[in-house]
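Data first, discussion second: the structure below is written as C-alpha cells.
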Amino acid sequence: LAIDKRAIVDNFHYGFTAMNQSLYSLGSFGWRREQGEKHSPYDPKRAKELLRQAGYPDGFATTIHFGVFTGRPGQSEALEAIASYWKDIGVNLTIVQHDPTEFYTRLNRPDRAYRPMTLVTWGRQENGEYLAEQAASEVGGRSVYNERTNALQKELASTLDEAQPLRLMAEIEDEVLRNHWIIPLYDASTVFGY
C-alpha cells in the first residue's frame with residue numbers, strides 16, 4: 001500500500017516495465033489475469049495505520065539486499081523509490097548492493113544469506129512451473145515455503161494430467177501471496193543490441 005507502483009513503472013522506468021501482481025511472468029503459463037491485474041492501491045495513510053495496528057506506531061528499520069546483473073536495469077531506481085515511499089510511513093530501509101555472483105551464490109542453499117529481505121529477479125519464464133518450484137518449495141534454491149506449498153509443488157512436478165498444473169500453480173501462488181513472501185511489483189523487459 002505504501003509503494004506507488006504505477007509511478008515506478010511510468011517515471012523511474014520510463015514505461016518500459018509493466019505492473020504485475022503475480023508470482024508468474026506476465027501472460028505466461030500459470031499467470032492469471034484476475035491476479036496479475038489486481039493492483040493494490042497506493043494508500044500510504046492506510047499503510048501507516050496498518051503498521052500502527054501491527055504494533056509499530058513509530059515504524060521500524062530493515063535492510064534489503066540485492067545484486068544487479070547487467071541485463072536487469074531499473075533495480076536501483078526502484079529500490080530508491082521504495083525506500084522513499086517507506087520512509088514516508090516510518091519504515092527506514094537500508095539498501096545493500098552486492099556483487100551479483102556473490103549475491104546469488106550466498107542467497108541459495110545452504111547459506112540462504114541476506115535476511116530479512118532480498119530483491120530476487122527472474123528472467124522471463126514462459127512456463128510458471130519453474131517459478132513455483134524455485135520460489136515456493138524446498139527444491140528451489142531461492143525459496144520461502146511451507147508444508148502446503150512444498151506438497152503442492154511435489155504434486156505439480158509429478159502430475160501427467162494436463163488439467164492439474166494450472167490449478168496447482170494457482171494454489172501455490174495464492175499461498176505465497178497470502179503469506180506475503182513476495183511483494184509483487186512489475187515485469188521488466190530489456191532490449192539487447194549489437
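No experiment lies behind these values; they were computed from the predicted model shown.
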Measure across [X] and [Y] and return the closest heavy-atom pair with its distance rounded to 0.1 Å.
X	Y	result
Ser76	Gln97	OG-OE1, 4.1 Å
Ile95	Ala83	CD1-CB, 4.1 Å
Arg124	Ser25	NH1-CB, 3.5 Å
Ala132	Tyr24	CB-OH, 3.8 Å
Asn20	Leu26	ND2-N, 3.5 Å
Ala47	Leu1	CB-CB, 3.9 Å

Say whether, by atom type as modelled, one donor and one acceptor occur between the side chain of Asp10 and the main chain of Gly15 under 3.5 angstrom. no
side-chain hydrogen bond (donor to acceptor under 3.5 Å, both in side chains) assessment of Glu173 paired with Ser22: CA-CA 8 Å; Glu173 179 176 56; Ser22 176; 2.4 Å; yes
To the closest 0.5 Å, what do you measure between [atom1] ([X]) and [atom2] ([Y])?
X	Y	atom1	atom2	result
Glu80	Phe12	CD	CZ	9.5 Å
Thr149	Glu133	OG1	CD	12.0 Å
Met19	Lys38	CE	NZ	13.5 Å
Leu131	Ser28	CG	OG	7.0 Å
Ser137	Ile172	OG	CD1	7.5 Å
Phe66	Ile64	CZ	CD1	8.5 Å

What donor-acceptor contacts under 3.5 angstrom involve side-chain atoms of residues 159-169, with partners at least two apart or in another chain?
| from | atom 1 | to | atom 2 | distance (Å) |
| --- | --- | --- | --- | --- |
| Thr159 | OG1 | Asp161 | N | 3.2 |
| Asp161 | OD1 | Ala163 | N | 3.0 |
| Gln164 | OE1 | Arg167 | NE | 2.8 |
| Gln164 | OE1 | Arg167 | NH2 | 2.7 |
| Arg167 | NH1 | Glu171 | OE2 | 2.4 |
| Arg167 | NH2 | Glu155 | OE2 | 3.4 |

Could you check if a side-chain atom of [X] sits within less than 4.5 angstrom of a side-chain atom of [Y], using non-hydrogen atoms only?
X	Y	result
Val91	Leu51	yes
Ile8	Ile82	yes
Asp88	Pro44	no
Glu138	Lys154	yes
Val139	Tyr145	no

Partner of Glu49 under side chain to side chain donor-acceptor pair (under 3.5 Å), picked from Arg52, Arg46, Lys45, is Arg52
Out of Gln35, Lys5, Glu37, which residue meets the side chain to side chain donor-acceptor pair (under 3.5 Å) rule with Gln21? Lys5
Might you work through the side-chain contact (heavy atoms from CB on, under 4.5 Å) test for Asp174 and Arg148, ending with a clear yes or no? CA-CA 11 Å; Asp174 290 344; Arg148 178 162 169 66; over 6 Å; no
All ring pair (Phe, Tyr, Trp, His ring centres under 6.0 Å) counterparts of His65, not counting sequence neighbours: His98, Tyr114
With ring-ring contact (aromatic ring centres under 6.0 Å, His included) as the criterion, how do Tyr42 and Tyr85 come out once you've worked through the C-alpha distance, each side chain's angles and the decisive distance to 0.1 Å? CA-CA 10 Å; Tyr42 174 54; Tyr85 292 131; 5.6 Å; yes
Validation: residues 175-186 side-chain donor-acceptor distances under 3.5 Å, sequence neighbours left out:
| from | atom 1 | to | atom 2 | distance (Å) |
| --- | --- | --- | --- | --- |
| Glu175 | OE1 | Arg178 | NE | 3.4 |
| Glu175 | OE1 | Arg178 | NH2 | 2.8 |
| Glu175 | OE2 | Asn146 | ND2 | 2.8 |
| Glu175 | OE2 | Asn179 | ND2 | 3.1 |
| Asn179 | ND2 | Glu175 | O | 2.9 |

Do Val96 and Leu79 share a hydrophobic cluster (ILVMFWY, side-chain heavy atoms under 4.5 Å, transitive)? no
If you draw a 6.0 Å radius around CD in Glu147, do more than 12 non-hydrogen atoms from other residues or ligands fall strictly inside? no
Greater than 12 external heavy atoms within 6.0 Å of Tyr56's OH: no
Side-chain donor-acceptor contact under 3.5 Å, Asn92 with Trp86: no
